[in-house]
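To keep things clear, I will list the structure first and then write my remarks on it.
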Amino acid sequence: MKNFSEFGLEPKVLRAITEMGFEESTPIQEKAIPIAMENRDLIGQAQTGTGKTAAFGIPLVNKIDVKEEKIVALIMCPTRELAIQVAEEIEKLGRFKGIRSLPIYGGQDIVKQIRALKKRPQIIIGTPGRLLDHINRKTIKLDDVQTVILDEADEMLDMGFMDDIQSILKLVPSERHTMLFSATMPANIQRLAQQFLNNPEHVSVIPKQVSAPLIEQSYIELQERQKFDTLCRLLDMESPELAIIFGRTKRRVDELAEGLQKRGYTAEGLHGDLSQNQRDNVMRKFRDGSIDVLVATDVAARGLDVSGVTHVINFDLPQDPESYVHRIGRTGRAGKEGAAYTFVTPREIDHLNFIERLTRHKIAKKPMPSLAEAIEGKQKMTAERILQLLDKEDHNEYKGLAIQLLEQHDSVHLLAAAMKLLTGEKKDVTVELTPEEPLRARKRRNDVRSAGRKPSGSYGTAGNARGGDRRYGERSGGYGRSQRRDGGRDYGRGGGRGEGRDYGRDRGFNRSTSARANDDLAKR
Ligand SMILES: Nc1ncnc2c1ncn2[C@@H]1O[C@H](COP(=O)(O)OP(=O)(O)OP(=O)(O)O)[C@@H](O)[C@H]1O
Ligand SMILES: [Mg+2]
């Protein structure tokens with residue numbers, strides 16, 4: 001892969017890239033950066049976790065004149081968490097140049113945002129709802145915007161957002177530089193996108209055949225009533241470093257998080273009904289590891305980049321294949337390995353096959369973990385914790401007592417008793433979940449793929465470690481990164497707690513008809 005010094009970037013941008021620990025470019029970066037630097041419109045598609053943010057962020061910060069006093073670039077994302085995350089990456093990339101960027105999203109105090117806008121940011125990273133609020137209040141003007149980027153573009157051009165995107169882009173000068181990025185780009189979305197682009201380049205880094213991903217994908221067939229206990233056994237057996245569990249509705253997420261807490265797991269829920277404060281807290285605790293299980297609706301399916309997520313578990317099968325690709329893409333990022341498990345009831349097997357067909361990836365069937373495997377997993381976890389403590393050498397104050405005990409008792413018995421104590425029996429409280437309706441395979445209009453032709457929009461999960469993609473990152477079991485300095489669809493359509501996906505949006509006023517029609521949407 002190309003070194004960043006070969007792109008003709010400004011020294012201050014190169015310095016920021018080095019500071020972020022990026023040693024060489026990823027395939028999408030290598031292809032997209034030169035096109036973007038020539039201000040040519042592009043649709044960039046690459047697997048989850050392969051650096052699309054920097055692929056658009058690097059050329060963007062490189063071209064901006066820091067003396068600029070107006071908003072000259074607009075990046076739009078589907079969720080608040082993603083807007084915050086992308087803003088952080090843009091901030092890091094532009095820090096030595098002194099670029100001013102600002103995240104604008106719902107749930108945050110708008111007065112605080114209006115105050116921040118007075119500092120004249122050159123780049124705004126926002127969710128459409130709140131952006132429209134500011135545009136209607138005239139606290140954001142788009143007359144001088146030269147660059148527009150849609151991250152998770154297929155989601156942004158989906159029915160939920162389309163009206164808002166159109167309303168916003170109408171206000172941006174037509175002679176602009178537009179870039180769309182996503183890991184999935186269904187054909188109908190590509191067609192829709194043309195109206196916003198000017199003779200775009202298609203940059204795709206998706207293996208022809210969606211190769212054996214970095215993410216080991218398996219499914220477990222079970223009855224709805226077996227799901228929760230299976231989940232607990234899976235967590236015990238696999239002892240994930242960090243795990244994201246996807247539920248189909250907010251109610252499911254709340255019940256799961258609560259049930260897991262009752263069973264002794266450090267789990268918390270994330271969905272669009274939470275206040276922004278609660279959402280920020282949950283994300284902060286997950287990123288810093290004070291909780292190791294995040295239970296979420298599709299609000300966390302796209303883009304979130306949390307280092308250390310080793311497992312994704314689809315407690316409920318996602319409706320769309322795109323959602324499946326993005327959900328599992330929360331692991332296996334930056335060249336690292338990951339494991340994705342999907343729970344499927346017998347009546348949903350067709351839907352799973354539908355997803356396999358569209359993502360062109362066979363998902364391996366695995367048996368339910370047995371109780372013995374769960375116990376063994378917990379015991380291994382205890383042994384690991386003991387060995388870690390041993391290395392740290394900070395248990396000297398117990399040595400005296402240990403010698404006394406060893407004089408009176410057999411060492412194996414002693415250690416086994418200590419391990420049993422440490423493992424503790426997960427409290428076997430019964431947890432009742434409200435059953436959710438099984439999913440039915442939804443035929444897509446002109447579903448060419450079932451005719452065996454190459455999928456028109458393909459699906460990208462992390463590329464094959466063994467062959468192509470791993471080149472930019474054998475060493476760290478991930479991309480070449482000197483060291484990570486930073487350490488790592490709330491479709492509220494139904495508005496109700498049980499039905500519909502949870503994909504909120506900010507409450508804007510004078511919003512487009514579709515948005516108003518969805519005013520029961522939870523906040524994004
Ligand atoms: N050239 C690079 N070298 C090392 N790490 C990188 C490089 N580019 C990006 N990364 C890191 O890889 C991780 C994934 O990047 P990013 O979130 O941009 O992926 P993505 O392609 O947008 O994924 P998704 O499709 O899930 O949104 C991030 O932690 C990012 O900092
Ligand atoms: Mg991304």
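In each ligand, atom 1 is the first atom listed, and ligand 1 is the first ligand listed.
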> Does Gln47 approach ligand 1 within less than 4.0 angstrom via side chain, backbone, both or neither, non-hydrogen atoms only?
Replying inline: backbone
> Where the closest heavy atom to atom 22 (O) of ligand 1 is concerned, which of Thr53, Thr26, Val306, Leu304 has it?
Replying inline: Thr53
> So, Arg176 and Thr178: side-chain donor and acceptor under 3.5 Å apart, yes or no?
Replying inline: yes
> Does Gly49 reach ligand 1, in the sense of a heavy atom lying below 4.0 Å from it?
Replying inline: yes
>> Under a 3.5 Å threshold, yes or no: a donor from one side chain and an acceptor from the other, between Asn277 and Ser275?
In response: no
> Should one rank Gln29, Glu30, Glu88, Arg302 by closest heavy-atom distance to atom 8 (N) of ligand 1, which comes out on top?
Replying inline: Gln29
> So do the side chains of Leu157 and Phe196 get within less than 4.5 Å of each other, counting heavy atoms only?
Replying inline: yes
> At a 4.0 Å threshold, what atoms of ligand 1 neighbour a non-hydrogen atom of Phe4?
Replying inline: 1 (N)
>> Measuring from non-hydrogen atoms of Glu89 to any atom of ligand 1, is the shortest distance under 4.0 Å?
In response: yes
> Does Glu152 have a non-hydrogen atom less than 4.0 Å from ligand 1?
Replying inline: yes
>> Please confirm whether Glu24 approaches ligand 1 to less than 4.0 Å, judged on its heavy atoms.
In response: yes
> Among the heavy atoms of Arg330, does any lie under 4.0 Å from an atom of ligand 1?
Replying inline: yes
>> Hydrogens and angles aside, do Glu356 and Tyr219 bring a side-chain donor and acceptor to less than 3.5 Å of each other?
In response: no
